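Worth knowing before you read on, the calculation uses all heavy atoms, side chains too, and leaves out hydrogens, waters and symmetry mates. Keep in mind it's a predicted model, so treat the numbers as computed, not measured. Labels below follow one simple rule: chain letters A, B, ... track the order of the sequence lines, proteins then strands, and each chain is numbered from 1.
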There are 2 protein chains.
Amino acid sequence: MSNTDEQGGGPAVAGSLAHRVPDLGALELLLAVARLGSLGGAARELGITQPAASSRIRSMERQLGVALVDRSPRGSRLTDAGALVTDWARRIVEAAEAFDVGAQALRDRRDSRLRVAASMTIAEYLLPGWLLALRAQRPDTAVSLHAGNSTVVAERLLSDEADLGFVEGLTVPTGLDSVVIAHDRLIVVTAPGHAWGRRRRPVAADELASTPLILREKGSGTRQVLDAALGGLARPLIELSSTTAVKAAAVSGAGPAVLSELAVGEELAMRRLVRVPVDGVALARDLRAVWPTGHRPTGPARDLLSLTRG
Amino acid sequence: MSNTDEQGGGPAVAGSLAHRVPDLGALELLLAVARLGSLGGAARELGITQPAASSRIRSMERQLGVALVDRSPRGSRLTDAGALVTDWARRIVEAAEAFDVGAQALRDRRDSRLRVAASMTIAEYLLPGWLLALRAQRPDTAVSLHAGNSTVVAERLLSDEADLGFVEGLTVPTGLDSVVIAHDRLIVVTAPGHAWGRRRRPVAADELASTPLILREKGSGTRQVLDAALGGLARPLIELSSTTAVKAAAVSGAGPAVLSELAVGEELAMRRLVRVPVDGVALARDLRAVWPTGHRPTGPARDLLSLTRG
DNA sequence: TGGCGACATAAGCTGGGTTTATGAGCAACA
DNA sequence: TGTTGCTCATAAACCCAGCTTATGTCGCCA
C-alpha cells in the first residue's frame, strides 16, 4: 500500500526535490573542493574548467541560500555551513556510487568476466557495497548481475550462466556447495513515536505473536522465517508485497514491522525507525555464497567471495 | 589525509558519476512510476507533461543500458531490473531528502519559528532525520539550524538565539536543563579485509590501548571520550581532523579506527567497514537535548523534542 | 465502432552549464 | 619593488538536455 508513501514521505513543498537539491555533478564538485581546498584544483580533477567550477559552486550557493566556501586568493575553504552541507552531500554521492556499480553490473548482461546471481535482498543491499570494494581492488573486472530467488540462482549456476551465487534461504539448493558469509536477522522496528518505540524491556515471543504486525506477504522469505520462529502464528496488521512498502508503513507509525536488519540500516541511523528489543525468538538466518559442487570459485569470483567474508 | 580518499573511493572510470547516474529528477520520476504504475500519472504528479516523462525514462534506460519499465497501453510496470534500480534510486532520493531538510534549516538563518542549535555530530547525522519527521507532522514549521560545539550551543540558548539545543559532551553546560535523548557509543571499526575484521573474540581494553589506531585529533570530542575510557593511553597510528577522513582511512584498510556509531551506520550496512567487538571499555556517551533552565520547550520545540526521544 | 486511456513521435524553444578570453587580488621571491 | 605564479571572478558565445505543444498509434471497453 504505497499511498502511505505519499502521505508520509511525499513532496511537502511545491517544486520537487530536484529543484532544491543540487545535481550530482555539483555535489561531486563540492566534495572535490572540500578535499582539495581549491576550486581550480577541483575543476581539474573533474575535467572541467575553473570558471565552470566557480560558476557552479556559486549557483549552488544561490540555490541553497547559504555560503559554502570561503574564497581567497590562496584557495578555498569550506564555511561551517559548507562542511555540514558537504557531509550531507557525501551521503548522496555514496548512494549514487552504489547505484552506479549496481547498474553497471546489471547492464553487462552476458559475457562479462564475473557473472553473479543473487537473491533480491542481497542484490539490493549488500552487493553494491561489495562491488564497490571489488572495483577498488580489481578496477577492470567487469561484473554482471542477475537477481532472482534461490531456485533461479541455482539454475543459473548449474547451467553455467553464473560464476558465483548468493542466497538467503534456510536451505541450500542441491548441487551447490556453500559457505556462510553473514548472518542476517529479522528485527522488529517501529516509528519513534510508537508505544514500542521507547520500550527497553524486550518483547517476548508470545507477546510478539499476539501483536498485529506490519508484514511481508505470506510466502515471502522474511515471512517464512518469522512464521517458523513463532510457530506459524504471526498476526498481520497488514500484509504488503515489498520491503519498501513495509518500511513506509512502519515509518508512518502504523505499527511495528518485522524486517531484515539489512533493509533498515539507513532508517535506524536516521532515526526514522527504532529497533524494538525482542527476546526468545530465533530470527536469524544465514546468508550464503554458493557455487556448483566441486567448482570452487577462482579468479575474480574468489576475490569477491573473500571480500564478502570480511 | 584525504588522498586516502582518492585512492580508495575516487573515480575509477573516466566520466564522473553524474554522467553515469541519472539526475535526481529522473530518479524521482522513476519512483513515481513505480508507485503509480503509469508514466502519465507520474508525469502529472511531478507537474510535467506525459511526453517529458516518457522521454526521460527512455533516456534513463539508454543511459543505464537496461529496460526499466514494461510499457503497455494499459499502464507501465517495472521490470525485475527496474525494481532493483528503483530501490537503489530510492536510497539516493532519501539521502537527497535529508540534504534538503538540512539545507532548508541552514538557510533560514534568523526569525524562524523554531531555531535549533546542535553539535556537529548531531546536526550532521541525526537532525535531518528528525526534521524530516517533524515536517511530516508539522509541514509549515520553518526551522533554522546553527551548528557548533557545546559552548556555542549554550551561548545561543542563553542569549535567546535558539529555542532548543543538542549537545553530545560528557557534561551539561551550566544554566541549561537537559534530558538524555539517545546514547551514542564509540565503536572500533576496520575494513573487512583487515585482521580484526573477522575477529569474534572481543578486544580487551589493554589490547586496544596498545594497538595503533586511526583517530581524530587530540582535543576532539571523540578523542576525549576514548582517552578517558582508556586512561589517556590511546596510541595513534595516525591522527586526522575530520570524521570523514578517519572513515576514509579505515575503509582503505590502514588499520582499526574509533568512531561514533552514528558516523558509520552506512558503511557498516554496506559492509565497507565491520565492527570489532570490544570488551571492558566504557565508550558510551549521552546525547542530550538542552534548553535554558526553567524555559521548558513549548510548541514546535516540544514536538521536535518528543520526536527525538522515540 | 466510437471513445478513452496510455504511450510514442516530431518539431521548436529555452536555459543551465560549458568554453574561451581576460581581469584582478594576494604572496613569495629575487 | 617589480615579477612570477597561484588563486578566483567576470563576460560573451555556444551547445545540448529536457521541456512543451501537437499529433499518431495501440488496445480495451461499452
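Side-chain contact annotation: A:Asn149 with A:Ser119, donor-acceptor N/O pair under 3.5 Å absent. For the 3.5 Å distance criterion, the side chains of A:Thr141 and A:Arg135 fail to qualify, holding no donor opposite an acceptor.
Under 4.0 angstrom from either OP1 or OP2 of D:dA9 there lies at least one side-chain N or O belonging to A:Arg71. Distances shorter than 4.0 Å separate none of the side-chain N or O atoms of A:Ser54 from OP1 or OP2 on D:dC8.
Remark: P of D:dC8 and CG of A:Leu68 are 15 Å apart, rounded to the nearest angstrom. A straight line from CG of B:Asp70 to C1' of C:dC7 spans 13 Å, rounded to a whole angstrom. If you take CG of B:Leu36 and C1' of C:dG5, they are 15 Å apart, rounded to a whole angstrom. Distance, B:Ile48 CD1 to D:dA17 P: 17 Å, rounded to whole Å. Distance, B:Leu46 CG to D:dG18 P: 14 Å, rounded to whole Å. Here the C1' atom of nucleotide C:dG5 and the CZ atom of B:Arg44 are 9 Å apart, to the nearest Å. Taking atom CG on B:Leu29 and atom P on C:dC7, their separation rounds to 11 Å, with Å as the unit. D:dC6 atom P lies 20 Å from atom CZ of A:Arg77, rounded to whole Å.
Between the axis at the start and the axis at the end of the helix from C:dT1-D:dA30 to C:dA30-D:dT1 there is an angle of 10°, using five pairs per end and rounding to 10 degrees.
Using a 4.0 Å cut-off between charged side-chain N and carboxylate O, A:Glu61 and A:Arg71 make a salt bridge. Note on B:Lys247 versus B:Glu267: salt bridge recorded, some NZ/NE/NH1/NH2 to OD/OE distance being below 4.0 Å. Ionic pairing of B:Arg20 and A:Asp100 is present here: one or more N-O contacts between side-chain nitrogen and carboxylate oxygen are shorter than 4.0 angstrom.
Within 6.0 Å of atom CG in B:Asp80, 12 or fewer heavy atoms from other residues, nucleotides or ligands are found, so the atom counts as exposed in its surroundings.
Of the candidates C:dT19, C:dC7, D:dG18, D:dG18 carries the atom nearest the B:Asp23 side chain, counting heavy atoms from C-beta on.
Using a 4.0 Å cut-off on heavy atoms, the residues of residues 55-62 of chain A that approach DNA chain D are A:Arg58, listed by number.
Residues B:Val116 and B:Leu114 have side chains in contact (heavy-atom distance under 4.5 Å, counting atoms from C-beta outward).
Using a distance-only test at 3.5 Å, with no hydrogens or angles considered, a donor-acceptor pair links the side chain of B:Thr86 to the main chain of B:Gly82. A donor-acceptor pair is defined here as one N or O able to donate and one able to accept, closer than 3.5 Å; no such pair exists between the side chain of A:Arg156 and the backbone of A:Ala117. Between the side chain of A:Trp88 and the backbone N or O of B:Glu124 there is at least one donor-acceptor pair closer than 3.5 Å. No donor-acceptor pair closer than 3.5 Å links the side chain of A:Arg91 to the backbone N or O of B:Ala95.
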At under 4.0 Å between heavy atoms, how does the protein contact nucleotides 21-30 of chain D? Give one character per nucleotide, 5' to 3', with B, S or -.
BB---BSSS-

